[in-house]
Each structure stands twice: as structure tokens, then as C-alpha cells.
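Worksheet: one structure, shown below.
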Amino acid sequence: MVKNKRALVIRTVLGWLIAFIMAFPVFWMTLAAFKTEMDAYASPPLLVFTPTLENFAEMNQRVDYVRHAWNSVLVALGSTFLGILIAAPAAYVMAFHPTKRTRSIMLWMLSTKFMPAVGVLVPMYLMLVWLDLLDTRTALITITLLSNLPLVVWMLYSYFKEVPAEILEAGRMDGAGPLKQLRYLLVPLATPGISSTALLCIILSWNESFWCINVTAVDSGTLALAIASFSNPEGYFWAKLSAASLASVAPILIFGWVTQRQLVRGLTFGAVK
Amino acid sequence: MKLLRSLLFAATALISSQTLAETTLTIATVNNPDMIVMQNYSSKFEEETGIKLKWLVLEENVLRQRVTTDIATKGGQFDIITIGMYETPIWGKAGWLVPLDDMPDGYDIDDVLPSVRDGLSSDGKIYSLPFYAESTLTFYRTDLFKKAGLTMPEKPTWTQIADFAAKLNDKANGFYGLCIRGQPGWGENMAIVGLMGNVWGGQLFNPDWTSGYNSDAFKSAVKFYVDAGNKFGPPGMVGNGFNENLALMSSGKCAMWIDASVAAGFLYDTKRSQIADKVGFAQAPIESWNKGNGWLWAWALGIPSSSTHSGEAKKFVEWATSKDYIKMIGKEEGWVTVPPGTRKSTYESADYQTAAPFAKPTLVAIEEADPVNTTHNKKPYVGITFATIPEMQAIGNFTAQQVAAALTGKMSVDEALDAAAANSDRTMKKAGYIK
């Protein structure tokens, strides 16, 4: 009994410690966002200080926050919606009508994620020049969708595999074709999995910065581009950068907080459990 | 007939003025404070000309990557780009930039400091116009020097700097005799190491393009750097670049700091610096050789050949780098904040001299920084801490890692520089410089 209690205390303390370590950068960023630049650079670091909103005011003056945030929303939702739309039929076929090559195709799809994005930067840039799509939301949505697609297919495949094939078979007996099976049987049964895939996809798209910085400029840049304009090799910038980062991550943090129950439920439903 | 001609003329004028009025220029620029000020005042240019401006403001390294991708692929995303002294001659030679030799007389190109003008030219043609320029200075605490009975010469030697540092160093109480860059990077630790190599009589490349890193002179310089850094520098110096040292110096934790002259404005700013009334300026240190002790860098505005609005873009470049712009900023923002290092007239201004006590040493440093005649022995390249060749970034970054490893004691200075020289020779052979 005493042994169990001690193990519980150790586990609890360890859990809190890990949570603290993980949350500390966000906590520190939040503090720095409300400091003056001099306070942000103070050594030893200040925990007690007079808070200021001047960094947010300057951020607002230097970048069009609303436009960048709107671009982030469109890119995250657009790429997620299209991604699910493309990945769901692919995952359905792979889960319920596998062939000899299904496994190797899935591995190949996942292997495309192993290549660093910078490796295809120049060809991708040239393609966008030819298609006249540089600095457009269409380009960013397409690229984000493509880079998330392997993960989305894998996750949906795992969730679909959890659904008993007999249910679909019964549907077939009742005359349901593949589209009807997908729409009326599979999607309702795998809703928690699809939701958590979509949530994860939104988070990944929101945080995507490499392509945003490299293929957008003034019109279609997301919040990632706004943050990139605040670090500086010559000058004080920690407080301003923290303010910009806080304003950029706040929406997705709130989104994650609100949807955490759905996300956890979905993640423990499929193969990620 | 006359009426018809007048009508035609009026129509043409109207159309061309509308075309001009509808022109939008896209500007990619670095987010240094001077550029942010330029962005804030650019509405005046828009009002004067009717040309609209769109801005992409990025951190230096991100901007360099972004602009390089666009210009090399002829993406045509930008009408005006902010580039430095490293890119301008290379890109100008490659035909990627519009030459800017035909600026109007009122622009007074002869007023631009010759060393800066030369650094932004290739084969006698200027390819970008300087917005601000910098060299290297020694910053020191006048109060502590006075207390210790020390005198900082106008142009000290590194040996003197080390002597001063030894006398003022108090590491146990978190006060450091000397702060210099340790962060690895071709524009970070290699900037200071490159200067030290020069004044010890070394150079980056020998006349046959073989590496100069493994010369006795360069090795002595880096041994001095490692020794002084470890004895008098702050802990974790390998992570310190310009900003970290600026924070240390302005919060009163360093006795001396050798870095970009642009830091003078920050250190002298009473709102942000705790040592604003007790900071002195001297030239960057020399040693056995008295040239190449200060780098020369300028952020300049150039126009990519792929721009479809190069005429309008020239108007903006002319406006932003003009004498009138500097005067306007002096009046509106205060003379201490005007973009330094570009024009003789700035330094002739009594207002500037009064507001910025660092004006004279900065001007001397920039005028003395000569990218051609720098080293003790003959060299095949143009540049002070870098050579203006495309291979320099890769060579510089590799060497920077080796020097950082020597600083942290992971390898000896000899091992580090031998590895750097071997890498440099390999790269230069592949690129066809070494036959």
C-alpha cells in the first residue's frame, strides 16, 4: 500500500515536472512579450517587472496582423479540408481492398516525408514561377496539403482498419457502392479518428513556416512570415519577437485547448494509441 | 490640328501618369532599425510620386535565402531588394542586377564614400546604392579605464587590448574584460577572426587560391583569439553574436567590446543602455600589420533585372539613399538615428557631429577599410573578412565551426585550422580556382 502510494507520488511529481519543462518556453515567451526590451535582456532574468503592451502596439504597426491571421486560417482549413477529401478514399481502398503493393505504396508515401523540404525548394519555386502562382494562397494551400497528405492517409488508414469489414460487407449486401459505404458507414463510424486527423492537420498547417517564408511575399504570407520579420542579428528584439510569437500561437493554443477532448479521444481510437 | 495635337499630348500624359500612379513596387528588406524607419517614412514617397509600395521585411539570413532563390530563378517577385557588399558584386557580374550608373546629377554620387561605392561595384559599374554602412570599432568603459589609470589609444593593438582586459577582468563577479563574437558563422565569429588574421599578417587565400587558414600568421591570430576569449570572455562565448554582446556591454558587464560600428548608436542610447554616459570609442585593434583591422559592410538597395518596374524602382532607390532623406530623418527622428556610413555630407553636418560623438571614429574606420589593399602579402580576392566569391559562405561556415570547436577545447587551434584549410582547398579545386 505504502509502496503504491510512493509510486503514485513519484509519477505525479515526474508528470508535473515534464509538463513544466514542456510549458516553460511558452511561459517565458509570454512573460517576455509584456516586458520592455531592456527588461527582456536583463541579467539575471526578471520575474517581477512592470508589464507593458508596447510590443504588441509595435507589432501591429509593423505587420498587418489581421491579414496574416486570415491567411493562416485559410491555409490551415483549406489544406485540411482538401487533404481529408483526397486521403479518405485512398485510405478506404488501402484498408478494405488491399493489393500486393498496398504496403509498399504506403511506405513510399511516408518516405517522401523523409526528404528535407529544402531539397525540392528550387524545382518547386521554378514550377510556381511558370504557373504564376508565387505569393498566392493557392500555392501555399497546395504545398501544405501535399506535405501533410502522407500522414493523413496513414492516420485514416489506421482508423479505417479498426472498423470491422463485416459492417461494410453488410452494406454491400444491401447494394451500397464504395461511395455510399464510405459516406454512410465508414465516415460515421470513424468520425473520432477523422476529427483528430483534421485537428492534427490544422495544427501542422498553422505551424508550417518553411514554405510560407520561401514562396510567399506580401500578399499571402501567414503568421509564420510575420514572426520571421521580428528576429534581428543587430539590435534588441526579444520582447517584440515574443509578442509576435504569442499573438501567432495564441489562436492555435486556444483551438487546441478547446478541442483537446476530441483530439485525445481520436488519438486513442486508432493505431496511434 | 494644334488642338488635336494638344489633346493627344494631354491624353498621353494622362495615361502615363495613371500608369505611374498605378505602379506598385514590392520591396524586400532586412529588419534592421534603420530599414524600419525607412518603411515608416515611405508614405512620403508614395504621396510625392503616386507609386505604391509593398514591403516584405525579414531577418537578415532569412531574407538572404529568400532573395537569392528569387533572383537566381528569375522569379520576379521583387522590384527592390536589400543586399550587402557580399552579394552585390557577385550578382552584378552575373547580370542579375540593374546597373545604377545613371543616377541624376542631383543625387550626387560623388558624395557617397568611395570605399562603400567601390564595395558595391563590379567592373567599374555600381549595382546597388548604400542605405547604411558600417565598419568595426572598439567600445570601452571610460569610467573603468579612468579608475584603473589606463588610456585607450586611438588605434590599439590586440596585445594592448589583452593587457587592459587582464587588468579589468573580474570573472568571479560576472564582469568580463573582453567581449567578442564566438557564435559560429561566416558573418559571426569569422568576421572578428578574419580581422585578426589580417592584422597578424595572414589572409584568407594565397595568390594561387590555396587556403591561408593554415599559415603561421593565421594560426597565431586564432590562438590569441581562443586564449583571450577563454581568459577574459563571458562563459558560453561560443553562443555570443552581436546581440548577446550588445546586451552584455549595454548592461555594464563588459569592459571592452570589439564589433560593428553600428553598435555605437545603441550603446549611446540612454533609453536602452546603462552605460550611455561612460562609453568610449576607438578604432578596431591592429597587431603586426596595420591594415584590414576593420570590416566594411553596407546594406544597399538594388534592382533585380527581372523587375518589370525598374524605372519606378530607381526613383525609390534614389529617394531612400539621397541626402534629402538623411536630412529628413535627422529633422524628424533626431540626428543620432540617421543611417550612418554612406555619405560625406552626413559627416560634414554640424548637427550630426554634435548628436553622435562616434561619428568621427566611424568615418575614419569606414574610410580606412579598403577591400583591395588589406593584407600584408598579395591576395587574389576583393574583401576584408570575406572574399566576394560564391564559394565563400560554405568555406567560411565550415571554418567557423572549426574555430568554435577550438574555442570550446574540442580540438586544438592547429587541428581546427588544418581541417579548415583542407576543406577550403577541396572546395576551391572543385570550383576550378586551384589548377
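Within every chain, numbering begins at 1; the chains are lettered A, B, ... in the order of the sequence lines, protein sequences first and strands thereafter. Keep in mind that this is a model prediction, so the values were computed, not measured. Side chains are part of it too, since the values below use all heavy atoms of this structure and drop only hydrogens, waters and symmetry mates.
In terms of heavy-atom pairs under 4.5 angstrom with chain B, the leader among A:V122, A:V218, A:L225 is A:V218. Counting heavy-atom pairs closer than 4.5 Å to chain B, the top-ranked of the candidates A:T216, A:N214, A:V129 is A:N214. Between chain A and the residues B:V62, B:T69, B:L63, the largest count of heavy-atom pairs under 4.5 Å involves B:T69.
Within a 6.0 Å radius of CH2 in A:W70, no more than 12 heavy atoms belonging to other residues, nucleotides or ligands are found. Atom CZ of A:F81 has 12 or fewer neighbouring heavy atoms from other residues, nucleotides or ligands inside a 6.0 Å radius. Atom CG of A:D132 has 12 or fewer heavy atoms from other residues, nucleotides or ligands within 6.0 Å.
Only the side chain of B:I36 comes within less than 4.5 Å of a heavy atom in chain A; its backbone stays farther off. Looking at B:N40, the atoms closer than 4.5 Å to chain A (heavy atoms on both sides) all sit in the side chain, from C-beta outward. Proximity to chain A (any heavy atom under 4.5 Å) is restricted, for B:K74, to the backbone atoms N, CA, C and O. Of the atoms belonging to A:L121, it is side-chain heavy atoms, and not backbone ones, that fall under 4.5 Å from chain B. Interface remark: A:V215 contributes backbone atoms only to the contact with chain B (heavy atom separation under 4.5 Å).
In this structure, CG in B:N243 is found 5.0 Å from CZ in A:F237, a value given to the nearest 0.5 Å. With values rounded to the nearest 0.5 angstrom, B:T73 atom OG1 is found 13.5 Å from A:M127 atom CE. Atom NZ of residue B:K54 and atom CG of residue A:D219 lie 3.5 Å apart, to the nearest 0.5 angstrom. Interatomic distance, CD of A:E37 versus CZ of B:F266, reported as 10.5 Å (0.5 Å rounding). Remark: A:L241 CG to B:N31 CG distance equals 10.0 Å, nearest 0.5 Å. Distance check: A:S229 OG to B:Q39 CD gives 8.5 Å after rounding to the nearest 0.5 Å.
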request  = Would you check, one step at a time, whether the test side-chain contact (heavy atoms from CB on, under 4.5 Å) holds for B:D70 with A:Y125?
outcome  = CA-CA 8 Å; B:D70 192 69; A:Y125 202 90; 2.4 Å; yes
_Residue pair A:D135, B:T26: steps toward the side-chain contact (heavy atoms from CB on, under 4.5 Å) verdict_ = CA-CA 12 Å; A:D135 196 18; B:T26 306; over 6 Å; no
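Looking at heavy atoms from C-beta onward, A:I213 lies out of side-chain contact with B:Q65 at the 4.5 angstrom threshold.
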